[in-house]
Amino acid sequence: MTIVKKHITQPYLSKKCGQACLAMITGKSVEEISKELKKEYTTNIREDLQKYLEDNGFVTELKQGCIKMKEIPKNSIVRLNKPDNSGHFIIKNEVGKLLDPNVGTVEEYSQDRYTITHYLTFIQLN
């Protein structure tokens with residue numbers, strides 16, 4: 001079973017939520033992930049996050065659509081869509097807690113404020 005190592009905060013006022021999610025999963029720093037991805041700013045769930053995890057020994061599955069948080073399995077990166085249509089990545093960890101790289105552990109997100117467009121499950125191969 002994959003265990004999220006610890007909560008990692010994305011740098012203040014950055015758009016490195018994807019890098020921070022990968023750092024939480026791998027135990028690396030946000031800076032290491034940014035260098036490996038060659039991405040200093042935003043990331044894409046398929047081309048960056050999914051590819052990175054698969055290249056580093058994880059099995060993943062990407063789902064897309066109109067999704068409710070309760071439908072998302074544990075050990076998933078979740079893409080939240082904000083009212084301005086920008087995105088934000090969080091993790092639903094192995095015990096079902098939501099880890100937001102911007103603010104920490106979150107109990108729930110308002111469906112009025114955020115919609116979920118994608119989630120990416122991940123399992124580490126041994």
Checklist line | Heavy-atom closest pair, residues Val30 and Ala20 | finding: CG2-CA, 3.8 Å

Checklist line | Partner of Val59 under side chain to side chain contact (heavy atoms under 4.5 Å, CB included), chosen from Leu125, Thr121, Leu53 | finding: Leu125

Notebook entry, point to check: Quick one: do Phe58 and Leu99 end up in the same hydrophobic cluster if we chain Ile, Leu, Val, Met, Phe, Trp and Tyr together by side-chain heavy atoms under 4.5 Å apart?
Noted result: yes

Next item on the list: Might you point out which heavy atoms bring Pro101 and His7 nearest each other, and give the distance in Å?
Entry: CA-NE2, 3.8 Å

Next item on the list: Take Thr43 and Leu37 through the test side chain to side chain contact (heavy atoms under 4.5 Å, CB included) and record every step on the way to the result.
Entry: CA-CA 9 Å; Thr43 51; Leu37 286 175; 4.0 Å; yes

Check: Considering only heavy atoms from C-beta outward, does the side chain of Tyr109 approach that of Ile90 to under 4.5 Å?
Finding: yes

Check: Any side-chain heavy-atom pair from Val106 and Val103 closer than 4.5 angstrom?
Finding: yes

Margin query: Going by the rule side chain to side chain donor-acceptor pair (under 3.5 Å), which residues pair with Thr117 if we only count those two or more places apart in sequence or in a different chain?
Written below: Arg79

Next item on the list: Identify which one of Gln50, Arg46, Lys51 satisfies the side chain to side chain contact (heavy atoms under 4.5 Å, CB included) criterion when paired with Thr60.
Entry: Gln50

Notebook entry, point to check: Should Ile116 and Phe122 be counted in the same cluster of Ile, Leu, Val, Met, Phe, Trp and Tyr side chains packed under 4.5 Å apart?
Noted result: no

Check: Side-chain contact, heavy-atom cut-off 4.5 Å: Ile77 with Ile25?
Finding: yes

Notebook entry, point to check: Are any non-hydrogen side-chain atoms of Asn102 and His88 less than 4.5 angstrom apart?
Noted result: yes

Margin query: Would the distance check show the side chain of Asn93 and the main-chain N or O of Lys97 forming a donor-acceptor pair, the cut-off being under 3.5 Å?
Written below: yes

Margin query: If you compare all heavy atoms of Leu80 against all heavy atoms of Met69, which two are closest, and at what distance to 0.1 Å?
Written below: CD2-CE, 4.4 Å

Notebook entry, point to check: Quick one: are Glu36 and Lys28 in side-chain contact, heavy atoms under 4.5 Å?
Noted result: yes

Check: Do other residues, nucleotides or ligands put more than 12 heavy atoms under 6.0 Å from Lys82 NZ?
Finding: yes

Margin query: So, taking the atom named CD in Glu40 and the one named OG in Ser34, what distance separates them when rounded to the nearest 0.5 Å?
Written below: 5.0 Å

Note to self: I'd like to know if the side chain of Glu32 and the backbone of Ser29 have a donor-acceptor N/O pair within less than 3.5 Å.
What the structure shows: yes

Next item on the list: Measure from the side-chain N and O atoms of Glu94 to the backbone N and O of Val4, and report whether any donor-acceptor pair falls under 3.5 Å.
Entry: yes

Checklist line | Joint hydrophobic cluster, Tyr119 plus Leu49, side-chain heavy atoms closer than 4.5 Å | finding: no

Item checked: Lys63 with Glu71: basic N within carboxylate O range, under 4.0 Å -> no

Item checked: Note, Ile67 side chain near Ile72 side chain (heavy atom, < 4.5 Å) -> yes

Checklist line | Taking every non-hydrogen atom, the tightest pair across Asn44 and Phe89 | finding: C-CZ, 4.4 Å

Next item on the list: State, yes or no, whether a side-chain contact exists between Val78 and Ile91 at a heavy-atom distance under 4.5 Å.
Entry: no

Next item on the list: Taking the side chain as every heavy atom from C-beta outward, state whether Lys16 and Lys39 have any atom pair closer than 4.5 Å.
Entry: no

Margin query: Less than 3.5 Å apart, any donor N or O on the side chain of His118 or Asn81 sitting next to an acceptor on the other?
Written below: no

Check: For the residue pair Gln19 and Lys15, what are the closest heavy atoms and their distance?
Finding: OE1-O, 4.0 Å

